[in-house]
Amino acid sequence: MEIPSKYEPHRVEGQWYEYWTKHNYFHSTPDDREPYTIVIPPPNVTGVLHMGHMLNNTIQDVLIRRARLMGKNACWVPGTDHASIATEAKVVAKLKEQGIDKKDITREEFLKHAWDWTHEYGGVILEQLKKLGCSCDWERTKFTMDDNMSASVIKVFVDLYNKGLIYRGYRMVNWDPEAKTTLSDEEVVYEERQGLLYYLSYKIEGSEETVTIATTRPETILGDTAICINPNDERYAHLRGKNAIVPICNRIIPIIEDEYVDVEFGTGCLKVTPAHDINDKALGEKHNLETIDIFNEDASLNSFGLHYEGKDRFEVRKSISKELEEKGFLVKTEQHINKIGTSERTKAVIEPRLSDQWFLSMEELAKPAIKAVLEDDDIKLFPKKFENTYRHWMENIRDWNISRQLWWGQQIPAYYYGDGQDDFVVAETEEAALDLARKKSGNSNLTLKDLKQDADALDTWFSSWLWPISVFNGILEPDNKEIEYYYPTNDLVTGPDILFFWVARMIISGYEYRNERPFENVYLTGLVRDKQRRKMSKSLGNSPDALQLIEDYGADGVRVGLLLSSAAGNDLMFDEALCQQGKNFANKIWNGFRLVKGWEVADLPQPEASKLGIEWYTSKFNKTLEEIEDHFSKYRISDALMAIYKLVWDDYSSWLLEIIKPAYQQPIDRITFDAVIHIFEENLKLLHPFMPFLTEEVWQHIAERTPEEALVIAKWPSVQPVNEDLIEGFNFAAEVIAGIRTIRKEKNIPMKDALQLAVLNDGDISRDWDVVIAKLTNLSAIDYVDSAVDGALTFRVKSNEYFVPMVGAIDIGAEIKKLEEELEYIKGFLVSVRKKLSNERFVANAPAQVIDLERQKEADAIAKIDTLEKSLASLK
RNA sequence: GGGCUCUUAGCUCAGCUGGUUCAGAGCACCUGCCUUACAAGCAGGGGGUCACUGGUUCGAACCCAGUAGGGCCCA
């Protein structure tokens, strides 16, 4: 069979993914095995695969594939969320292209368009995950607006309302005037912008006096209902109890006093606009001020805007400042940098706005979630440093505004039957609502037509906070077999940017609805940044095309590249060179396979070197496996990968294969061949979670396999005893080999010219490894001698001295110099060790183990000095 | 402004309980090699005041305090 010299990922990836799905390896049903469950952080339906998803999902796939190999019943539930704001924005834009305005169609018509859109594009990202190799149970794919999922959300809303935890409140919210909806604090991005600070003078009623205030938003003066001064500020003491007149609208407003005012900022005198600033609202409530809202929902001015009615806020800012200037109210302007909130989705400047919203009261709900993470360690965060961030947020938790002024999403199940503030009921169905409404109103004549459902939809997170429960239908049927089996899930892998948005809220809902944690471990990945440390984002255009990367480097190469340098919770500075490294590694493995596959096998006696090499590698493998397991247990995924990388590249390819390699065109003995095939297969198992496609391809090339024998469901190796002597012996031999190679290199002696080696075995090192040393360095003989050999180049390993006889002149002077340098170094080392040992307090305080070590160092140094001195003497 | 966190080789990062895993890894770099699996490779090599200043300790990259500079979260 002709095997190409390069691994060709695009030729095999699709084929193996199809094979895996055809045989249903990724599908899970409850059985007697221990479950291992991950729920995917549902990507947004509008999303396309980006670097963050790739990192995130690669890690999940590594975890789930390893669990599968370990014989657990591995279940990775995929799905998407409906992303109300983002999706609605996309659908609105698409309709606009078709000349349809959202205002002109009904809710039902709009939702139909939204569903069409979802059906068309919603599955794109999931298909892309398959390209990456993700072994999700696709039969379980969920969408946050599936019937059951929506019913769960509504049921939870009604339940929380009935528990008194959901309430309706008139609050200042972050209003996105473009999307015409409320945003949560977390969806607001604060940006620094250069603006102006306007100094405006207000007349004092009944006098010629004026007072000057500073504001960044002159257009809001039309909503002013007070001027506020600090009671401790003597500059304004004469204004106490007086009224001011708002320019342009000539409203008469009181001058109030409050210590809230910062006397240092601006003029130390503040205009108060309770409808348009959160702090002003607080002042307004405290001092019983009138609240005047001057904006429409699109942030154009309403009738309070007088002659500016209908104009946009930014336009009005320009024109009103001009008018103020012309009328002499504008004292001056200053450059001013202020932080303004913008919408994460639409980029519009957020307008603080008062409106009726639904809130979930969080304080009580949060308690078990605080305890689980911070006190009981019931849920563990990796890395641990995020616990502090978590604590800070949870202990200062604010009520969750769960309503959104959107159509796409679950409509709030509140039904109004009258005009009063309290004339509404909350129920899962219209019929139930009608019953309740009749009872509550005492009007038994109410009909469905009298009920009007709240127009708002629920925040998307109010769906996804139930995700680990609702994907197993655990809200609607809390005792069903699946939820009982799969819940609590094991690991959650997500970005730290949604620790509060999502993770904390899932923990809260988990305890509220299952009385149990939703997952045991939370692995928080870093953010993927570019080389200039900028966050990768669509708007910056600095994110590479994920699918193109897979095309260029193979899915395995990209997976390895992403994982190589992404310690948990640390941002990953993405560099395509890492994918190249991954691709190179794939090729290395491929060629390791080609070499072995090319050997002809014969019934020959096993060479000693091969036997020893196999025994050594077996120990090395198990020692490394132990480290790998330790790394996995601590979610040090990149360390686990690096350990495997070095094992396969250095120990297996560079050492073992060279040790057992038969001479050119010679066959290999069967014992060694069988052993190395077994070893190779064990390596592939360790590699499989990281590089699923390549490893399955090679695995299937090694032998004919039945579907039951596929690598994807093979058995992960268990740690076997390690023979440390073999590992030490090898390490020593490797140093000898390096010494000989250095001599070859220095003297330009080609590998094909055999060398002789003489050993002064002062360290009494076992001769077992001589066969390996001879093979890897092409020695014709190894002689054991009692004294230094003349006319040879030398090197030393520990207290052993090695001689390579040279025909031709040896530069005695250079040899002496080399020896003297080594001697000087080791003497200095001995001095430092002895200094330590002669320190009484060290000997008294340090643990015995440490002292023994120092004594060993001392003995080794003395032995080596002895060797060096003897050699020097013989040379001189 | 408040809280958290970080600073180790050219780059990206490990370094877990203070002591042989103590100054490491990978990449990059330099020098040889088109050696028969792999030049996407092989063999060898150089490179760090562990941000700075002090303290604790027999012993500090690690603990404590301060300084400087990044980052994150909150306001």
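Throughout, a chain's letter reflects where its sequence line sits, starting with A, and its residues are numbered from 1.
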Give [X] one of three labels, base, sugar-phosphate or nothing, depending on what nucleic acid heavy atoms sit under 4.0 Å from its own.
X        : result
A:Met642 : sugar-phosphate
A:Ser653 : base
A:Pro750 : nothing
A:Tyr645 : sugar-phosphate
A:Ala846 : base
A:Asp639 : sugar-phosphate
A:Gly598 : nothing
A:Lys836 : nothing

It should be established whether [X] places a side-chain nitrogen or oxygen under 4.0 Å from OP1 or OP2 of nucleotide [N].
X        : N     : result
A:Arg636 : B:G15 : yes
A:Asn388 : B:U5  : yes
A:Lys583 : B:G41 : no
A:Lys385 : B:C72 : no
A:Trp649 : B:C42 : yes

Residues at least two apart in sequence or cross-chain that pass ring pair (Phe, Tyr, Trp, His ring centres under 6.0 Å) with A:Phe680, listed by chain then number, are A:Tyr652
Under the rule for ring pair (Phe, Tyr, Trp, His ring centres under 6.0 Å), what residues qualify as partners of A:Trp400, not counting sequence neighbours? A:Phe462, A:Trp465
Do the side chain of A:Lys634 and the base of B:C16 come within less than 3.5 angstrom through a donor-acceptor pair of N or O atoms?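 Donor-acceptor pair under 3.5 Å: yes.
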Distance-only donor-acceptor test, A:Lys752 side-chain atoms vs B:U35 base atoms, 3.5 Å: no
Represent RNA chain B in dot-bracket notation, 5' to 3'. Only Watson-Crick or G-U wobble pairs with both distances under 3.5 Å count; pseudoknot-style crossings use [ ] and interstrand partners use |. (((((((..((((.....[....)))).(((((.......))))).....(((((..]....)))))))))))).
Could you give the distance separating B:G48 and B:U57 at their P atoms, to the nearest angstrom?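 These two P atoms come out 32 Å apart once rounded.
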Integer angstrom distance from the C1' of B:C63 to that of B:G44: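 Comparing C1' positions in B:C63 and B:G44 gives a spacing of 41 Å.
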Given [options], which nucleotide is nearest the side-chain atoms of [X]?
X        : options             : result
A:Asn748 : B:G32, B:G44, B:A40 : B:G32
A:Lys646 : B:U31, B:G26, B:C38 : B:G26
A:Glu658 : B:G19, B:A37, B:C4  : B:A37
A:Phe842 : B:G41, B:A39, B:C58 : B:C58

